[in-house]
Amino acid sequence: MCAYQRPKFLPTICSLDSPIHALGEGWVPLITCPADFPIEIFEIAVTQLIHHPEYNSTLILRSELISESTSNFPENIPAFDDFQRTRCLHRKLLPRRPGRDPSLEQYCTLYGATTSQQTQDEIEFPQVLVLTPIVDAGSSLPYYHPAVFHLAFRYVHSPPTLRIEVLPLPGTPLDPNSRLYRTCLALLDTVHRYGWGAMTNYKKRVMHDCLIPREEYQDLYLSMRERYKHLVDTWQEVTDPLKHVFEDIGIATYLMLLWKDTFSEKSSESWPQPPGGFLDFGCGNGLLTHILVSEGYRGYGVDLRERTSWTHYPEATQSSLRVQAFNPTCEGPESSRYFPPGVFIIGNHADELTPWLPVTATLKNASGYISIPCCSWAFDSRYERSSTPPFPLQQPTDEFAASLNLGGDGSHKSSYSMYRIWLASLSLHCGWEVECETLRIPSTRNWALIGRRRIKTMENSESLGNAAAIVEGVISRGLFKTRKPEAGDIVWGNSTNTSPPTELVFNLGDNSFVLSSMSLVFLMTPGVGFFYSGLLRRKNALSAVYVTMAALAVVSIQWLLLGFSLTFSDEGSPFIGNLKYAMLVNVPIRPPTETGRVPLTLYFIYQLMFAGVTAAIAIGAIAERGRPGPVLIFVFIWTTLVYDPIACWDWNTLGWTRRLGVLDFAGGIAVHISSGAAALAMSIYLGERHGYGTEGPYKANNTTHVVLGAVLMWFGWFGFNGGSAMSANLVAIQACINTNIAASAGGLTGVMLDYRIQKKWSAVSFCSGAIAGLITITPGSGFVGAPAALLYGVLGGAGCNFSSQFKRLGYDDSLDIFATHGMGGLIGSLLTGIFAQESVANLSSATPVRGGWLDQNWKLFGLQAGASAAAMVYSFAVTLIILHVMGLHPLLDLRASKETQILGIDDNEMGEPAMDYSDFPHAQNVAQIVSQAVNQAIGRNQAANHIVGGQGQQGAQIQPLLQRPAPSP
């Protein structure tokens, strides 16, 4: 075995017949493992455990040593026959969340051997550590502490063994599945690891708290976290609030303590500030700037475009956030404003500006800078370690690298390590003393390079000359370009910010992709119309096409007037927006999200098609019994009161379901559940069609139109799901793949289920199943893999097929809209809670998304179910209210009269038939033509006389055909 490879941890449950006795009466040996280090290491290992309990529990912040004694031990420390107390440490455990968990004092007592049978080593070195919580009578232990009176770590000399024994509280479970056993297992593993590390002289590769003491940082961080944790609940961006909020709180805490340590000699303030304030390069969402400004620090946060969060900060913060593009190679008018003497420059993942931080700090006479690098950039190109050597050093590169606390495997040969070495050498070259810190923030890129003191041995003129030479070299190469948000050719001036204008660039390819997707989604509306028209009886076929297209026209006006603003304005409540964007007034020329690459105006027209097709789906419930006139008024009201709020919940960054983490990629909840529930409400309110259940089963009047409608919807669904990625990226590709797979699986499932009963290969069943598969995959199309899409299609096709039997409960859903859209959307939403995967959802690296059960995110299923239920109940209830209120006025009542239903909606309400028969021959001519054709066929048959005489079955079928009247014109 390699000398530096830790032996495998092999724990076993302590046996009752073990020759090693328990420490005393009532003590229970719980778990043991081989000790792969000598007894003299035991004290080192357990001492590490005493001083750093936070390494073994995320609920503990740290421990503080209160006292230490080698005599006069407390009375509640246990005594043993075979061991004597040698040292007692009195410590206090501080919880990470003091508002939830109390602190706890604890005695940590070391014991050595006492009997003459022990070897000299056993007598000299401690063999037992006992942890004893100090709890007042009637009080309970904190959650983070095991339910015991005492917990002991014991080193058994022969054979070398570690084991844990406990004196448990009454009723504490001790089985291997219990919390106490699992806690002891983790503790034993920790001691085993510490012991091996001490024996092999292991040293931490990453050192925290190099400049700021840990205790000071943790105490201030706890206070800052309590002050600003509410920002998680009011997060406006699409990114993960937990990561960003607590990361920026941690950085702000560190900066406050760093500035206190740096500038305290020059200021009498308790929390001194940089003389020239601060400048946060690439401030992004502006949260770090907001926290610092709220704490009384003055400065600016600048970025290339305004983010959604900015307008939601207090006025003091908003005045400190500016849209600005910097060109470090030339002096601009912004220099005196943003770079006053003594400014402290902050670069948190500043990308292309990262190498310019020490250069700019030197040229602008800054008081210092902090750089937290992420992506590797040189001055005018990507950093390449083969072509970008470090600047001249006064010591060997390996020694210099070892002083930078780079972490990793210690070789300093990775590309990221070499980049940091280059940045540190650059800082020296520009006259700054190099200080490094690994920040305590939730980020894998948490290494910080700090310059706050000038090198005393370097003349100011030399450092200025070095920095100026770098700038001149960049200018001479002519490769540096001021950063733009994204690649593209459409450039817009920012007109919503009072600071100097900057360029905002959109991606032409993504614009074209979303425009094409919008056109595809438009085709879904006539697709719905043809699908409905083909399923209905001929006398109502035209009205189905008409109301779907008329509904799109009504929604287009509503969307312009107020719908888009109510759904997507960046102000308002978690339930509905306001009228900020009404009539497209005040709509900024920016992407709809922080990571978007298309303008908000394009998002307007794309989402309009979603609203239109949703209304078209819902009003299919009026088929064969609804009045086309009042239904248009209903569409306007329903879109305003039902669709807009649910879409706001679902897709607006302020929406309550969006902020909870509910996943709905393309509208399983906002489109399908809302329209399906509304259709159910309309079916119940309008009642059964005249003759329903007594005139025999109604059959599709034009199956070709059913197929045509299904084809148009299937085609349009690629834009519906794929376009919802808002970019021609890998997520869009995956969404289109999933769409086609689910539709195919759903169609085949539907036709086979109906073949099981009817023994016919029904085109209508295939089309209905395909639509069910498309609906089911909609909420998860950009979140799941192709195998899951196959399951979506099968379960969606089967689930919607069986849901059509709900009509037996007594309502007449003429087109099975609730069974298909309502239940399909629900099934898809629930399946997304199970099968959503981060590896699929984050293919574009644009919007971090947590997966579902496959990624051990168990709560997502419950969130999906709750959001789906809320949307279904809300849509159903509000739709019923709208229908009842409209029904109070005869002109607005949706239900058609009995006479209208008998004659047909087309003739009576519209005055136009779906097909004009005026050019057809009259009934008598038709009968003659049919008779002649039949007689000719019979004459060619040798058995004609026998068949025409009516002695066979064919003759019996021909006579009614000859007598059937032709349709009236």
Side-chain angles (χ1 to χ4, degrees), residues 211 254-256 258-269 271-283 288-289 292-293 296-302 320 322 324-348 350 352-373 379 391-392 423-437 448-475 480 482 499-500:
L211 305 180
Y254 186 84
L255 285 172
M256 291 169 64
L258 181 72
W259 292 339
K260 181 178 181 180
D261 180 68
T262 305
F263 305 114
S264 58
E265 296 180 358
K266 302 178 182 179
S267 174
S268 59
E269 299 176 341
W271 291 98
Q273 302 194 22
F278 69 87
L279 175 65
D280 185 3
F281 259 143
C283 65
L288 179 59
T289 300
L292 293 175
V293 170
Y297 295 88
R298 65 182 186 278
Y300 292 101
V302 297
S320 297
R322 302 298 176 89
Q324 181 67 53
F326 284 101
N327 185 350
T329 64
C330 65
E331 189 81 12
E334 75 282 351
S335 181
S336 59
R337 176 191 300 174
Y338 299 120
F339 295 103
V343 67
F344 191 96
I345 305 175
I346 304 167
N348 178 22
E352 296 97 321
L353 291 176
T354 297
W356 289 101
L357 291 173
V359 177
T360 306
T362 297
L363 294 175
K364 302 297 184 182
N365 193 24
S367 59
Y369 75 92
I370 183 171
S371 175
I372 309 173
F379 297 109
F391 288 84
L423 288 176
S425 69
L426 169 63
S427 188
L428 286 175
H429 190 65
C430 293
W432 297 98
E433 291 184 7
V434 172
E435 295 178 294
C436 303
E437 183 75 276
L449 175 64
I450 299 163
R452 52 175 178 160
R453 298 185 179 92
R454 308 306 295 267
I455 299 176
K456 297 179 180 179
T457 58
M458 180 181 288
E459 294 291 336
N460 189 45
S461 58
E462 181 182 355
S463 60
L464 283 172
N466 291 340
I470 290 173
V471 175
E472 291 173 2
V474 171
I475 294 174
F480 180 84
T482 303
S499 57

Q) Do Tyr369 and Leu279 come close enough that some side-chain heavy atom pair is under 4.5 Å? A) no
Q: Using the ring-ring contact (aromatic ring centres under 6.0 Å, His included) rule, pick out the option among Trp259, Phe339, Tyr297 that qualifies with Phe344.
A: Trp259
Q.
Between Leu357 and Leu449, is there a side-chain heavy-atom distance shorter than 4.5 Å?
A. no
Q.
For Thr289 versus Cys283, what's the shortest heavy-atom pair and its separation?
A. OG1-CB, 4.0 Å
Q) Would you say the side-chain atoms of Gln273 pair up with the backbone N or O of Gly296, donor to acceptor, closer than 3.5 Å? A) yes
Q) How far apart are the closest heavy atoms of Gly276 and Pro340, and which atoms are they? A) O-CG, 3.3 Å
Q: Would you please name every residue forming a salt bridge (charged side-chain N to carboxylate O under 4.0 Å, His left out) with Arg298, sequence neighbours left out?
A: none
Q. Do Phe278 and Leu255 come close enough that some side-chain heavy atom pair is under 4.5 Å?
A. no
Q) How about Leu428 and Phe391: do any of their side-chain heavy atoms sit closer than 4.5 Å? A) no
Q) Do any N or O atoms from the side chain of Glu437 and from the backbone of Leu211 form a donor-acceptor pair under 3.5 angstrom? A) yes
Q. Is any side-chain heavy atom of Tyr300 closer than 4.5 Å to a side-chain heavy atom of Gln324?
A. no
Q. Taking atom CE of Met458 and atom NE2 of His429, what is their separation to the nearest 0.5 Å?
A. 7.5 Å
(Q) I'd like to know whether Val359 forms a side chain to side chain contact (heavy atoms under 4.5 Å, CB included) with Leu426, so could you lay out the CA-CA distance, the side-chain angles of the two residues, the decisive distance to 0.1 Å, and finally the verdict. (A) CA-CA 8 Å; Val359 177; Leu426 169 63; 4.1 Å; yes
Q. Looking at CG of Asn460 and CD1 of Ile455, how far apart are the two atoms once the value is rounded to the nearest 0.5 Å?
A. 12.0 Å
Q: Using the six-membered ring of Trp432, assess whether NZ or CZ of Arg454 lies under 6.0 Å from its centre and within 45 degrees of the ring axis.
A: yes
Q) Would you call Lys260 and Pro272 a side-chain contact if the rule is heavy atoms closer than 4.5 Å? A) yes
Q: Could you tell me which non-hydrogen atom of Ser463 sits nearest to which non-hydrogen atom of Thr362, and how far apart they are?
A: O-CG2, 3.8 Å
Q) Can you check whether Lys364 reaches Tyr338 side chain to side chain, under 4.5 Å on heavy atoms? A) no
Q) Do you know the tightest heavy-atom contact between Ser367 and Gly342? A) OG-O, 2.7 Å
Q) Closest heavy-atom contact between Ser427 and Val434? A) CB-CG2, 4.1 Å
Q.
Is any side-chain heavy atom of Asp280 closer than 4.5 Å to one of Leu292?
A. no
Q | Nearest-0.5 Å distance that lies between atom CD1 in Ile470 and atom CZ in Phe379 | A | 4.0 Å
Q: For residues Phe281 and Trp356, establish whether the separation of their ring centroids is below 6.0 Å.
A: no
**Q.** Shortest non-hydrogen contact between Pro275 and Phe263, atoms and distance
**A.** CD-CE2, 3.8 Å
